[in-house]
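Written below as structure tokens is the structure these notes are about.
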Amino acid sequence: QLQLVESGGGLVQPGGSLRLSCAGSGFTLSYYDIGWFRQAPGKEREGVSCINNSGSSTNYADSMKGRFSISRDRAKNTVYLQINSLKPEDTAVYYCAARAVGCSSLSRDYGYWGQGTQVTVSS
């Protein structure tokens, strides 16, 4: 089966950091462009970041620049999202998604999705 599995979320205090992971199962994740999205209750799903299949190009939403960093480890078949200086407004379910023809900031352009990992930022 083709499957994406997110992990690494949890409850953290404002100013803390998390590293989220997106692991591929049933396919070689490094063949795909991987995007990270997040969705807070009652809000639209928004694009966070994307890394292309080779890892040579990364993209970030303007509001995410400076605190978010995306990377990939082909040996582990995993893509990471490092989040620093977490704020309460970062609280959301974070999803990774895969597509084969280039990065996109639009969720509808991705055909494969994980189930998400919850990030809660609270004191």
In terms of hydrophobic clustering (I, L, V, M, F, W, Y; side-chain heavy atoms under 4.5 Å; direct or indirect links), are Ile83 and Tyr80 co-clustered?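 No; tracing contacts between hydrophobic side chains, which count when under 4.5 Å, never links both residues.
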Determine whether Leu4 and Leu81 fall in the same hydrophobic cluster, where Ile, Leu, Val, Met, Phe, Trp and Tyr are linked whenever their side-chain heavy atoms lie under 4.5 Å apart.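 Yes, same cluster.
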Indicate yes or no for a side-chain donor-acceptor contact from Asn53 to the backbone of Tyr32 under 3.5 Å, with no hydrogens or angles considered.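 Side chain of Asn53 to backbone of Tyr32: no pair is present.
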What's the separation between atom CH2 in Trp36 and atom SG in Cys96, rounded to the nearest 0.5 Å?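 Trp36 atom CH2 to Cys96 atom SG measures 5.0 Å (nearest 0.5 Å).
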Begin with the C-alpha distance, continue with both residues' side-chain angles, and end with the deciding distance and a verdict on side-chain contact (heavy atoms from CB on, under 4.5 Å) for Ser107 and Phe37. CA-CA 8 Å; Ser107 60; Phe37 295 79; 4.0 Å; yes
Do any side-chain atoms of residues 56-63 form donor-acceptor pairs under 3.5 angstrom with protein atoms, and if so which ones, sequence neighbours left out?
unit_1 : atom_1 : unit_2 : atom_2 : d
Ser56  : OG     : Asn52  : ND2    : 3.1
Ser56  : OG     : Ser54  : OG     : 2.8
Tyr60  : OH     : Ile70  : N      : 2.9

Restricting to non-hydrogen atoms, name the atom on Ile34 and the atom on Ala98 that form the minimum distance, rounded to 0.1 Å.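 Taking every non-hydrogen atom into account, CD1-CB, 3.6 Å.
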Among residues two or more places apart or on two chains, list those pairs meeting salt bridge (charged side-chain N to carboxylate O under 4.0 Å, His left out) that have a residue in residues 71-88.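 Matches after skipping sequence neighbours: none remain.
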Would you list the pairs meeting salt bridge (charged side-chain N to carboxylate O under 4.0 Å, His left out) in which at least one residue belongs to residues 1-17, sequence neighbours left out?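 Of all non-adjacent pairs touching residues 1-17, none passes salt bridge (charged side-chain N to carboxylate O under 4.0 Å, His left out).
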Under 3.5 Å, side-chain donor or acceptor atoms of residues 108-117 against the rest of the protein: list the pairs with distances, not counting sequence neighbours.
unit_1 : atom_1 : unit_2 : atom_2 : d
Asp109 : OD2    : Ser104 : OG     : 2.6
Tyr110 : OH     : Ser104 : N      : 3.1
Tyr110 : OH     : Ser104 : O      : 2.6
Trp113 : NE1    : Tyr110 : O      : 3.2
Thr117 : OG1    : Gly9   : N      : 3.1

Scan residues 35-89 for pairs that pass disulfide bond (SG atoms under 2.5 Å apart), counting only residues two or more places apart or in two chains.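 Residue pairs passing disulfide bond (SG atoms under 2.5 Å apart), neighbours aside: Cys50-Cys103.
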Could I get the full list of side-chain contact (heavy atoms from CB on, under 4.5 Å) partners for Ala40, not counting sequence neighbours?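 Ala40 satisfies side-chain contact (heavy atoms from CB on, under 4.5 Å) with Lys43, Ala92 once adjacent residues are dropped.
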Please give the remaining members of the hydrophobic cluster of Val101, linking ILVMFWY side chains under 4.5 Å, ordered by chain and number.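 Via sub-4.5 Å side-chain contacts, Val101 links to none.
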Per-pair distances, 0.1 Å, donor-acceptor, side chain in residues 16-31, under 3.5 Å, sequence neighbours excluded:
unit_1 : atom_1 : unit_2 : atom_2 : d
Ser17  : OG     : Asn84  : OD1    : 3.1

Selection residues 90-102 - residue pairs positive for side-chain hydrogen bond (donor to acceptor under 3.5 Å, both in side chains), sequence neighbours left out: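 For residues 90-102: Arg38-Asp90, Arg38-Tyr94, Arg67-Asp90.
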